[in-house]
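Side chains are part of it too, since the values below use all heavy atoms of this structure and drop only hydrogens, waters and symmetry mates. Here is how names work: the chains are called A, B, and so on, in the same order as the sequence lines, proteins then strands, and each is numbered from 1.
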2 protein chains.
Amino acid sequence: MPQSMGAMSLPTVERLSVYLRTLKEALAEGKDYIVSTEIARRNGFTAAQVRKDLSCFGSFGVKGKGYDVKKLIEQLEEILGLNRRWNVAIVGLGNIGKALVKYKGLKKAGFDVVAIFDIDPNLVGKTYRGVQVYHTDEIGKVAKKNDIQIAIVAVPKEAAKEAIKKVIDAGIKGILNFTEVRVPIPEGFFLKNVNLLGELESITYYMVNPDRVCRCYQPVKR
Amino acid sequence: MPQSMGAMSLPTVERLSVYLRTLKEALAEGKDYIVSTEIARRNGFTAAQVRKDLSCFGSFGVKGKGYDVKKLIEQLEEILGLNRRWNVAIVGLGNIGKALVKYKGLKKAGFDVVAIFDIDPNLVGKTYRGVQVYHTDEIGKVAKKNDIQIAIVAVPKEAAKEAIKKVIDAGIKGILNFTEVRVPIPEGFFLKNVNLLGELESITYYMVNPDRVCRCYQPVKR
DNA sequence: TCCTGTGAAGTTCTTCACAGCC
DNA sequence: GGCTGTGAAGAACTTCACAGGA
């Protein structure tokens with residue numbers, strides 16, 4: 001196990017998750033070892049970056065040979081908290097909420113959708129795809145009973161502030177926010193925003209101002 | 001109009017889109033002027049950051065008073081390319097694709113879904129929510145005919161490489177990739193990845209390693 | 001007085017380049 | 001010879017702090 005681990009930056013953590021995917025791909029291709037250059041090439045990073053990121057938690061590469069694919073997968077899964085399962089709630093059973101409940105990738109990646117919350121009386125009390133739908137006011141009680149650790153909030157923006165407040169009050173520490181609303185959160189909670197329109201708008205910015213792209217700023221280069 | 005605009009960094013561009021949303025909120029509240037401190041407070045940024053970002057394209061603030069809300073909205077919309085409409089194609093009519101077609105926020109923000117592409121013979125040739133579904137092989141032809149500028153790719157990961165290749169071959173310059181696959185793209189194209197599992201995995205990282213959060217790394221602080 | 005716009009300082013993140021090991 | 005791990009250098013980004021205008 002990693003010895004003296006310092007803090008890891010968000011960019012690094014996000015890349016680790018990309019590396020993990022690459023490693024699984026390599027494993028599926030029957031590779032035993034993979035070199036930093038190859039991990040980098042497949043994702044448009046630099047090899048130095050890959051090595052530095054990985055060196056944050058000890059030395060798992062073999063000089064002259066590369067990284068043991070299986071071992072590194074295990075390491076990354078441990079670091080990212082993926083050597084266990086997580087109980088997830090979907091808050092808001094609209095278009096996105098439904099798509100998320102149906103999305104099989106969640107379960108495959110270790111995330112079990114164990115509850116849905118909505119305010120629509122036509123939905124509350126029923127199940128959707130085998131998952132019980134509760135009223136949003138019940139988050140606190142249900143979160144405790146079902147040991148929910150993560151909430152994915154996908155409600156209309158008008159309801160977002162209130163919904164996130166309830167999630168926080170329920171003590172659910174991990175929040176993925178699909179709404180465009182920004183909410184301050186207390187210490188010890190971890191919120192990430194997924195902002196579809198924001199992403200589109202930075203694409204349109206570059207399309208309108210192709211000259212003002214500084215460092216060619218696609219996540220994937222080369 | 002902006003005088004000597006230098007390159008703008010991706011973080012800046014992404015924040016502009018947040019500012020724009022804040023300004024519209026302020027407008028709806030009847031505010032004529034807004035100060036940098038207030039824009040910052042609502043989003044968890046610093047006031048200096050807001051001012052610096054905005055100063056990239058000229059001086060639109062009034063010293064001692066703040067920013068003219070209406071004027072700044074217009075400016076930001078111009079900068080971000082939102083003073084026009086965009087034709088968007090959805091590639092892949094699965095759960096996410098369907099949710100996107102139904103999502104009204106797209107149209108409101110200036111993005112018209114004008115075509116859908118899929119390979120399922122049960123879908124091709126029909127319409128979904130009033131939008132024609134074509135076979136993915138027809139992207140080139142349809143993109144030209146319908147003047148499609150942006151493609152949102154939401155196909156299963158096995159099909160992702162191929163689908164993105166077709167989008168590029170069709171000359172669609174803006175790509176929003178909902179799959180976890182990373183693809184290198186040619187110059188002049190702009191791709192952004194939206195990675196649901198990656199986001200969840202950085203949340204679980206912080207939940208498992210609360211001590212290794214460097215700068216408290218939620219997009220929204222305070 | 002209040003708030004913007006901005007150089008300068010400070011911090012974080014990335015790349016370089018090479019010692020060291022297989 | 002090939003590749004990792006890592007200090008040191010460099011680039012990018014953020015914050016500070018204050019001059020100057022309304």
Side-chain angles (χ1 to χ4, degrees), chain A residues 2-16 18-19 31-41 43-69 71-72 75 202 212-219 221-222, chain B residues 2-16 18-19 23 31-41 43-69 71-72 75 202 212-222:
Chain A
Q3 43 282 60
S4 67
M5 295 198 271
M8 225 181 269
S9 73
L10 178 60
T12 297
V13 175
E14 294 187 336
R15 282 189 300 266
L16 290 187
V18 175
Y19 301 158
K31 286 207 163 63
D32 288 334
Y33 278 82
I34 189 168
V35 298
S36 61
T37 322
E38 175 64 11
I39 299 178
R41 196 193 53 74
N43 298 292
F45 302 132
T46 67
Q49 177 108 80
V50 172
R51 291 200 301 276
K52 183 138 262 182
D53 286 344
L54 292 178
S55 74
C56 287
F57 54 97
S59 306
F60 289 97
V62 181
K63 302 193 181 195
K65 208 170 175 193
Y67 297 88
D68 180 320
V69 174
K71 229 159 86 184
L72 191 51
Q75 276 303 322
S202 47
R212 267 183 271 154
V213 180
C214 40
R215 186 156 50 111
C216 185
Y217 235 138
Q218 288 89 248
K221 285 171 271 183
R222 184 179 307 247
Chain B
Q3 44 282 58
S4 66
M5 295 199 270
M8 225 181 269
S9 74
L10 178 60
T12 298
V13 176
E14 295 189 333
R15 282 189 300 267
L16 289 187
V18 175
Y19 301 158
L23 288 163
K31 287 205 162 62
D32 288 335
Y33 279 81
I34 189 167
V35 298
S36 61
T37 322
E38 175 64 11
I39 299 178
R41 195 193 53 75
N43 297 291
F45 302 132
T46 65
Q49 177 109 81
V50 173
R51 292 200 301 276
K52 183 139 262 184
D53 286 343
L54 293 177
S55 74
C56 288
F57 55 96
S59 304
F60 289 98
V62 181
K63 302 193 182 196
K65 207 170 175 193
Y67 296 89
D68 180 320
V69 174
K71 229 159 82 184
L72 191 52
Q75 276 302 322
S202 48
R212 268 183 270 155
V213 180
C214 42
R215 191 160 42 117
C216 182
Y217 235 139
Q218 286 89 246
V220 179
K221 286 169 272 184
R222 184 180 308 246

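- What you find for V13(A) and S202(B) is that their closest heavy atoms are CG1-CB, 3.6 Å.
- Comparing atom distances between the S59(B) side chain and each of dG5(C), dT14(D), dT14(C) picks out dG5(C) as nearest.
- For E14(A), the side-chain hydrogen bond (donor to acceptor under 3.5 Å, both in side chains) partners at least two apart in sequence or on another chain are K192(A).
- Residue-level contact check: T12(B) touches neither bases nor backbone, having no heavy atom under 4.0 Å from any strand.
- Across all their heavy atoms, F57(B) and L72(B) have their closest contact at CZ-CD1, 4.4 Å.
- Counting all heavy atoms, side chain and backbone alike, A40(B) lies closest to T46(B) at CB-C, 3.6 Å.
- Each of Q49(B) and V35(A) was assigned the nucleotide of DNA chain D with the nearest heavy atom; the assignment lying further toward the 5' end belongs to V35(A).
- Using a 4.5 Å heavy-atom cutoff, the side chains of I34(A) and I39(A) are in contact.
- The CG atom of L10(A) sits 20 Å away from the P atom of dT11(C) (whole-angstrom rounding).
- Counting heavy atoms from C-beta outward, L54(B) and L16(B) have side chains that approach closer than 4.5 Å.
- Scanning both residues, M8(B) and T12(B), for their nearest heavy atoms gives CG-CG2, 3.7 Å.
- Rounded to a whole Å, the CD1 atom of I34(B) is 13 Å from the C1' atom of dC3(C).
- For S36(B), counting side-chain heavy atoms from C-beta on, the closest listed nucleotide (dC13(C), dT15(D), dT4(C)) is dT4(C).
- Under the side-chain contact (heavy atoms from CB on, under 4.5 Å) criterion, S55(B) pairs with no residue at all, not counting sequence neighbours.
- The distance from atom CD of E14(A) to atom P of dC13(C) is 11 Å, rounded to the nearest whole Å.
- In this structure, CD of Q75(B) is placed 12 Å from P of dG5(C), rounded to the nearest angstrom.
- By the ring-ring contact (aromatic ring centres under 6.0 Å, His included) test, Y67(B) is found to be paired with no residue, residues two or more places apart in sequence or in another chain being considered.
- The side chain of Y67(B) has dT4(C) as its nearest neighbour among dT15(D), dT6(D), dT4(C).
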Report, one pair per line, the protein and nucleotides 7-10 of chain C atoms (nitrogen or oxygen only) whose separation is under 3.5 Å.
unit_1: dG7(C); atom_1: N7; unit_2: K52(B); atom_2: NZ; d: 3.4
unit_1: dG7(C); atom_1: O6; unit_2: K52(B); atom_2: NZ; d: 3.2
unit_1: dA8(C); atom_1: N6; unit_2: K52(B); atom_2: NZ; d: 3.3

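- Note on residues 44-65 of chain A: pairs passing salt bridge (Lys or Arg N to Asp or Glu O under 4.0 Å), not counting sequence neighbours, are R15(A)-D53(A).
- For the pair D53(A) CG and dT15(C) P, the computed distance is 10 Å after rounding to whole Å.
- If you measure from atom NZ of K71(A) to atom P of dT4(D), you get 14 Å, rounded to the nearest angstrom.
- Of the side-chain N and O atoms in T46(A), one or more sit less than 4.0 angstrom from OP1 or OP2 of dT15(C).
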Which atom pairs link the protein and nucleotides 18-22 of chain D when you take only N or O atoms and keep those under 3.5 Å?
unit_1: dG21(D); atom_1: N2; unit_2: G64(B); atom_2: N; d: 3.4

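- The nearest whole Å value for the distance from the CG atom in D32(B) to the P atom in dC3(C) is 16 Å.
- Distances shorter than 4.0 Å separate none of the side-chain N or O atoms of R15(B) from OP1 or OP2 on dC13(D).
- What separates OH of Y33(A) from C1' of dC22(C) is a distance of 11 Å, to the nearest Å.
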